[in-house]
Amino acid sequence: MRGFLRLLVSVLPAAFVLASCAVAGSIATEAPSPSPASFAPATASGAQSPSPRPVASEAPLSPVDPARLAPDSYARVVTDNVRVRSKPGVSDDSMKLEPLLPDGVGLLVLDGPVPASGYDWYQVKPIFDADTPEGGYPFGWVARAGKDGEPWIEPESASCPPAPTDVAGLSSLSATAPPYAAITCYSGQELTFRALLGAQESFSCGIHPQPWGVEPAWLDGCQVDPPFLAAVDNWALIVGPYWAPGVDMTIVPDQAAAPDAWP
């Protein structure tokens, strides 16, 4: 499957180049007419932010196309009791996953369409919000519509803030951008900015030595290497990228190095 929220970072002597790219039955009752509403970014408590603040940039991005239902886009469930399956299609090797998706759940579309069993299937990651039940909704495949054309999921619109141009812009994305903006807004783009490179003591979640089924494994938050990027004018403002294998890390400083010695 695609690795979501993948941040590929290449280190240069005085600048950093960061590119983000796309990081996955019985189904429905009668569907209401869809009325797309833009995603609002979630706050730390899961509530919706009332007025996103754009990040400064010279070239703002266009909004995500609300008519597009394809990888790296958004969708929303428009009926009750949508079934998620482990594989596209209705077959013995395509497991029924629980719980069913209720009307209104937001989705990140990662793959599809894949025709199978008379349906068009999309791999989706349900978007967490304040109404998500404990344990969340399953990641897997859902059919877009019934065989009679009744829609079960529909494209959803979301406005992207301008591409970040510095560490402050990157760190503020969680408050200013729609969920998973690294995929939907900036996929395939190259972002260049100045930053400091710091290091801290290695860590893990301390529960299990193996990755938690995350592919690729270097995207596992419990297994990542810790070098971070800090703002040039404020070394306390940092972001922790996922460093892809093969990135030249020879300029990472010693963990005991003071901020004024960070490259």
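Treat the numbers as computed from the prediction; the structure is a model and nothing was measured. All heavy atoms count here, side chains included; hydrogens, waters and symmetry mates do not.
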Q: So, the side chain of D80 versus the backbone of D103: is there a donor-acceptor pair under 3.5 Å, distance only?
A: yes

Q: Got a sec, which residues hit side-chain hydrogen bond (donor to acceptor under 3.5 Å, both in side chains) with T132, two or more places apart in sequence or on another chain?
A: D129

Q: I need the Y137 OH to L100 CG distance, nearest 0.5 Å.
A: 9.5 Å

Q: Would you indicate whether the side-chain heavy atoms of V82 and W152 approach each other to under 4.5 Å?
A: yes

Q: Determine the minimum heavy-atom distance between S86 and M95, stating which atoms define it.
A: OG-N, 2.7 Å

Q: Is atom CG of D148 surrounded by more than 12 heavy atoms (other residues, nucleotides or ligands) closer than 6.0 Å?
A: yes

Q: Have Y74 and T184 got a donor and an acceptor in their side chains that come within less than 3.5 Å?
A: yes

Q: Ignoring hydrogens, what is the shortest heavy-atom contact between W243 and V247? Give both atom names and the distance.
A: CE3-CG1, 4.1 Å

Q: Among residues at least two apart in sequence or on other chains, which ones pass side chain to side chain contact (heavy atoms under 4.5 Å, CB included) with P115?
A: D120

Q: Determine whether P164 and L173 make a side-chain contact, defined as any pair of heavy atoms from C-beta on separated by less than 4.5 Å.
A: yes

Q: How about P138 and V84: do any of their side-chain heavy atoms sit closer than 4.5 Å?
A: yes

Q: For the residue pair C185 and Y180, establish whether any side-chain heavy-atom pair is separated by less than 4.5 Å.
A: no

Q: Is the side chain of R76 donor-acceptor paired with the backbone N or O of E154 at a distance under 3.5 Å, no angle test?
A: no

Q: Taking atom OH of Y122 and atom CZ of R144, what is their separation to the nearest 0.5 Å?
A: 5.0 Å

Q: Of all the heavy-atom pairs spanning P178 and S159, show the shortest one and how long it is.
A: CD-O, 3.5 Å

Q: Taking only residues two or more places apart in sequence, or in another chain, which ones meet S91 in a side-chain hydrogen bond (donor to acceptor under 3.5 Å, both in side chains)?
A: D93

Q: Check salt bridge (charged side-chain N to carboxylate O under 4.0 Å, His left out) between D131 and all other residues, then give those that pass, not counting sequence neighbours.
A: none

Q: Can we say R83 and E98 salt-bridge, meaning some charged N sits less than 4.0 Å from an Asp/Glu carboxylate O?
A: yes

Q: Where do K87 and W121 land on the side-chain contact (heavy atoms from CB on, under 4.5 Å) test, with the steps shown first?
A: CA-CA 9 Å; K87 295 181 179 181; W121 298 83; over 6 Å; no

Q: At their closest point, which heavy atom of P151 faces which heavy atom of A145, and how far apart are they?
A: CA-CB, 3.9 Å

Q: Would you call V124 and W141 a side-chain contact if the rule is heavy atoms closer than 4.5 Å?
A: no

Q: Can you check whether V77 reaches L107 side chain to side chain, under 4.5 Å on heavy atoms?
A: yes

Q: Going from CG on L101 to CD1 on I153, what distance comes out if it is rounded to the nearest 0.5 angstrom?
A: 9.5 Å

Q: Between S73 (side chain) and L69 (backbone), is there a donor-acceptor pair under 3.5 Å?
A: no

Q: Quick check: closest heavy atoms across G112 and P71, and the distance to 0.1 Å?
A: O-CD, 3.4 Å

Q: Please tabulate, for side-chain N and O atoms in residues 229-239, each donor-acceptor pair with protein atoms closer than 3.5 Å (sequence neighbours left out).
A:
{"unit_1": "N234", "atom_1": "OD1", "unit_2": "A236", "atom_2": "N", "d": "3.3"}

Q: Is S94 reaching over with its side chain to a backbone N or O of V90, donor-acceptor style, under 3.5 angstrom?
A: no

Q: Kindly compute the distance separating OG1 (T192) from CG (D166), expressed to the nearest 0.5 Å.
A: 12.5 Å

Q: Can you pull the ring pair (Phe, Tyr, Trp, His ring centres under 6.0 Å) pairs that have at least one residue in residues 244-263, sequence neighbours excluded?
A: F228-W262

Q: Rounded to the nearest 0.5 Å, how far does CG of L108 lie from CD1 of I127?
A: 6.0 Å

Q: Which atoms form the tightest heavy-atom contact between P253 and G198, and what is the distance?
A: CG-CA, 4.1 Å

